[in-house]
Amino acid sequence: LNRFDPEKEIFTRYKHDKNNPASLSNNNLWYVCIDSRGVIWIGSEKGLDKFDPETKKFVNYQHDKNDPQSLSFNTVTSIHEDQNGMLWVGTFGGGLNVFDPEKETFTRHQHDPRNPYSLINNTVTSIYRDAAGVIWVSSYGGVDRFDPGGNQFEHYKNTDNTDSLSSNIVRSVYQDDNGAVWVGTE
């Protein structure tokens with residue numbers, strides 16, 4: 001992890017130190033996000049890291065097979081804070097997690113072939129909240145629209161219809177000022 005100081009034009013490096021449990025958990029990073037409280041969240045191949053800029057210490061959250069309220073999978077690909085301060089955490093193979101920073105617990109959303117309203121695919125590539133508060137989740141199976149009030153996913157994917165998504169490998173989602181949702185695919 002690198003922090004650039006534009007005034008001094010220097011980088012401060014933060015690296016994993018196997019002898020320091022308060023260091024960055026891993027040097028292979030996927031995503032960085034700063035929440036509304038000023039806490040820096042880092043997605044890596046070893047879970048979700050929380051960095052406190054005041055103390056300069058890291059706290060790591062990882063998957064624990066014996067704890068259903070832990071992170072679902074350790075490779076964290078995307079992080080998004082919603083209007084309630086919850087962190088939406090996408091993983092590369094473990095689906096989507098909603099992290100409550102106060103309780104330090106995760107709620108998992110994963111693909112279930114028996115549930116047509118579950119997450120479309122467990123490889124999440126990005127998370128976006130639109131102007132109405134709807135969460136869009138892009139993945140290797142298409143894009144999902146999640147209305148937190150309804151607690152179900154609506155799927156958009158490539159089909160034989162030319163009006164459908166061009167590919168199911170979706171990398172990003174963004175809403176423009178006119179309300180159109182743009183979806184970047186492979």
Taking V98 as the starting point, is it possible to reach L87 by hopping between hydrophobic residues whose side chains are less than 4.5 Å apart? no
Do Y61 and M86 share a hydrophobic cluster (ILVMFWY, side-chain heavy atoms under 4.5 Å, transitive)? no
Would you compute the distance between atom CG of N97 and atom CG of L71 and round it to the nearest 0.5 angstrom? 5.0 Å
Side chains of Q175 and Y128: donor-acceptor distance under 3.5 Å anywhere? no
When you compare the side chain of I120 with that of F153, does any pair of heavy atoms fall below 4.5 Å? no
Separation of N158 CG from S164 OG (nearest 0.5 Å): 4.5 Å
With W41 as reference, evaluate F99, F51, W88 under the ring pair (Phe, Tyr, Trp, His ring centres under 6.0 Å) test and give the passing residue. F99
On a heavy-atom basis, which atom in S72 and which in G94 lie closest, and how many Å separate them? OG-O, 2.7 Å
If I compare all heavy atoms of G38 with all of P53, which pair ends up nearest, and what's the gap? O-CG, 3.5 Å
Distance, nearest 0.5 Å, that separates CG of L96 from CZ of R108: 12.0 Å
Within a 6.0 Å radius of atom CZ on R13, are there more than 12 heavy atoms belonging to other residues, nucleotides or ligands? no
Hey, are the side chains of N121 and N168 touching, using non-hydrogen atoms and a 4.5 Å cut-off? no
Verify the cluster assignment for Y31 and V143: are they in a single hydrophobic cluster under the rule of side-chain heavy atoms below 4.5 Å apart? no
Does Q83 CD have over 12 foreign heavy atoms under 6.0 Å away? yes
Would V181 and Y156 satisfy side chain to side chain contact (heavy atoms under 4.5 Å, CB included), going step by step from the backbone distance to the final call? CA-CA 12 Å; V181 175; Y156 298 92; over 6 Å; no
Spacing of NE2 belonging to H155 relative to CG belonging to L119, to within rounding of 0.5 Å: 8.0 Å
Point-to-point distance, once rounded to the nearest 0.5 Å, from CZ of F146 to NE2 of H109: 4.5 Å
Taking side chain as C-beta onward, heavy atoms only, is T123 less than 4.5 Å from S139? no
Is the closest side-chain heavy-atom distance between E186 and S166 below 4.5 Å? no
Can any side-chain N or O of N178 pair as donor or acceptor with the backbone N or O of A180 at less than 3.5 Å? no
For the pair F11 and F4, name the ring-plane relationship: parallel under 30°, tilted 30 to 60°, perpendicular over 60°. tilted
Hey, any chance V59 and I40 share a hydrophobic cluster, counting ILVMFWY side chains that come within less than 4.5 Å of each other, even indirectly? no
Side-chain donor-acceptor pair present, S78, S126, cut-off under 3.5 Å: no
With a 4.5 Å cut-off on side-chain heavy atoms, are L24 and L29 touching? yes
Going through the distances and angles, do N60 and S25 end up as a side chain to side chain donor-acceptor pair (under 3.5 Å)? CA-CA 6 Å; N60 180 251; S25 66; 3.2 Å; yes
Quickly, which of T77, N26, N74, N27 forms a side-chain contact (heavy atoms from CB on, under 4.5 Å) with E45? Name it, please. N26
Are the side chain of N122 and the backbone N or O of H111 linked by a donor-acceptor pair below 3.5 Å? yes
Measuring from atom CZ of R145 to atom CG of D130, what distance do you get when rounded to the nearest 0.5 angstrom? 7.0 Å
If we only count heavy atoms from C-beta on, is the S44 to H16 side-chain gap below 4.5 Å? no
Is there a chain of hydrophobic side chains (I, L, V, M, F, W, Y, each step under 4.5 Å between heavy atoms) that links V124 to Y140? no
Is it true that a side-chain atom of D35 and a backbone atom of E81 form a donor plus acceptor pair closer than 3.5 Å? no
Side chains of L48 and F106: does their closest heavy-atom pair fall under 4.5 Å? yes
Nearest heavy-atom contact between Y117 and N115 is N-OD1, 2.8 Å
Here the pair of heavy atoms bringing N66 nearest to P68 is O-CD, 3.8 Å
Go through I42 and Y14 one step at a time and tell me if the side chain to side chain contact (heavy atoms under 4.5 Å, CB included) criterion holds. CA-CA 12 Å; I42 301 104; Y14 298 93; over 6 Å; no
Closest non-hydrogen atom pair, G95 against Q110: CA-CG, 4.4 Å
Under 3.5 Å, is there a donor on one side chain and an acceptor on the other for D17 and S23? no
Would you call the rings of W30 and F92 parallel, tilted or perpendicular, where under 30° means parallel and over 60° means perpendicular? tilted
Which heavy atom of G90 sits nearest a heavy atom of I127, and at what distance? N-CD1, 3.4 Å
